[in-house]
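This report concerns only the one structure given below.
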Number of protein chains: 2
Amino acid sequence: MDPVRRPRGRPRKPVLLEPAALSPRRGLHDQAVERLRALIVVGTLPAGSALVETELSAALGISRTPLREALKLLAVEGLVELRPNRSPLVAELRPDAVTELFEAIAAIERAAAELAALRITPAELDRLRRLQAEMEAHHAAGALAPYFALNQQIHALIVACARNAPLREAHEALHARAEIARRRALDSRARWDESVAEHRAILEALYARDAAGAGRLLADHVGHTGTALIAGLARHAA
Amino acid sequence: MDPVRRPRGRPRKPVLLEPAALSPRRGLHDQAVERLRALIVVGTLPAGSALVETELSAALGISRTPLREALKLLAVEGLVELRPNRSPLVAELRPDAVTELFEAIAAIERAAAELAALRITPAELDRLRRLQAEMEAHHAAGALAPYFALNQQIHALIVACARNAPLREAHEALHARAEIARRRALDSRARWDESVAEHRAILEALYARDAAGAGRLLADHVGHTGTALIAGLARHAA
DNA sequence: TTGGCATGAATTGCATGCAGAGCACCAAAA
DNA sequence: TTTTGGTGCTCTGCATGCAATTCATGCCAA
């Protein structure tokens, strides 16, 4: 028998970059997914750049194994492009891909809005109304960043109210790429005003439990957002 | 002594001009995804069973590393349920999950049909017509298995004709779970006849490039299939 | 008996080693 | 000069080893 009890704590090695501090007990691969997604969305890892496993794992303070798992999951999300025996690339977001992306989001949100109109509870309607009011306040104040956050919450809440897990997961999977597009082209005051008005109409349709109307309005809203973004991207490129 | 260093892995079989398209030589993790998916769909790995990494990796003849990557991907597809620090489980398919699943598939296929009605080429329409004829022949002959295969091909082709990668990927992701439900409840002659008729109507709407009609018909068709399957599952459980 | 805690086996999660694929660079031939 | 073949290096893909976690068992006390 070993008289010396080994110390229970794992030998922590010094972590160079940000050590994923104080996160809930999830695995490193899961944290890596989130951190990498954030880095890609905000552009710290620019589109087209190679993701060399040894470099990235060192930068994240983890080993290659969980990193590889994370890269595979990000590839499913379309944020990363895997190549056999080659370094993965941060996926490029081409204009036609943005078109398809917003077509798909519109399709999913339309269906979600139709279901939500049938299934949403009064409490959820109330929460939507409060979010809408808050969002309009940010709009009035010209606060873009919080506006976007609220806007995103509202869309997510409507999808959640559809009570359909596959639809919600598909929606979440597309969200990061849409966010990339939004960040690249967040301009046009006119579109902003229009968007707020469209949100009002959607909310009213949900209150009226008008499934077809809510679906159509939301799909159109997403479609308009998409075309506006593509226009913005085109301006950006020029 | 052995002067010739032998490779540690499997002996490479001599490959003579094997078309890479048919044998893409992908990584072990990718192959593991397909093999596990097939094993789960046909029920060799029954719902609720624990997937112990060491056992599974030995059974598949691979190590735990690619197996773990495969399990993570199957979890995204909803075929496997991951639990922190516990063995993954083959996901159970509860009746309400089947309902949601077919709601989601109907939503995606409706959107796909609407887009396909606008974008489908004459050649694709022709191919659809031939597939439909072949499927009807199997129906007339009472050949269930090839009928199902053709049926799937038709649905996949319609989605492909929408020219929308995210929609197609979402559709594919849901396919395996739907297949599980189908295999559990493939009965009801009456529903079979009805389904063939519905396919005819969908095809006609596509020919007429009636986007709304094609979308509605296809969504209803998938919805009917879902309710029939749930009824079948209920019979099965009883 | 029963509740609580320690202990050990089983298994996951992560790190790391190693072989091979792919690429760059260079030399030699055309 | 262009092309072809070789050579070395880098990086991926996979296997394996080790620590940490979880669960089951058993012991002790109430």
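Note on naming: letters A, B, ... go to the chains in the order of the sequence lines (proteins, then strands), and numbering restarts at 1 for each one.
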Report the distance from atom CZ of B:Arg83 to atom P of D:dT21, rounded to the nearest whole Å.
-> 18 Å

Is the shortest side-chain N/O distance from B:His29 to OP1 or OP2 of D:dG13 below 4.0 Å?
-> no

Over 12 foreign heavy atoms within 6.0 Å of CZ, A:Arg119 = yes

How close or far is atom C1' of C:dT11 from atom CG of B:Leu56, stated in whole angstroms?
-> 13 Å

State, yes or no, whether a side-chain contact exists between B:His221 and B:His224 at a heavy-atom distance under 4.5 Å.
-> no

Return yes if some donor-acceptor pair links the side-chain N/O of A:Glu109 with the main-chain N/O of A:Gly215 below 3.5 Å, else return no.
-> no

Sorted by number, the residues of residues 64-81 of chain B with heavy-atom contact under 4.0 Å to DNA chain D | B:Arg64, B:Thr65, B:Pro66

Taking 4.0 angstrom as the limit, do A:Arg64 and A:Glu55 come out as a salt bridge?
-> no

Supply the atom-to-atom distance B:His171 NE2 to B:Ile158 CD1, rounded to the nearest 0.5 angstrom.
-> 9.0 Å

Rounded distance in Å - CZ (A:Arg26) to P (C:dT12) | 20 Å

Can you tell if the side chain of A:Leu82 reaches within under 4.5 Å of the side chain of A:Val80, non-hydrogen atoms only?
-> yes

Salt-bridge contact A:Glu172-A:Arg168 (side-chain N to carboxylate O under 4.0 Å) | yes

How many Å lie between CG on B:Asn85 and P on D:dT21, as a whole number?
-> 7 Å

Give me, pair by pair, the N or O atoms of the protein and of nucleotides 8-11 of chain D that are less than 3.5 Å apart, along with how far apart they are.
| from | atom 1 | to | atom 2 | distance (Å) |
| --- | --- | --- | --- | --- |
| D:dC11 | O3' | A:Ser87 | OG | 3.3 |

Can you tell me which residue pairs pass the salt bridge (Lys or Arg N to Asp or Glu O under 4.0 Å) test with a partner in residues 66-87 of chain A, sequence neighbours excluded?
-> A:Arg37-A:Glu77, A:Glu53-A:Arg68, A:Arg68-B:Glu69, A:Glu69-B:Arg68, A:Glu69-B:Lys72, A:Lys72-B:Glu69

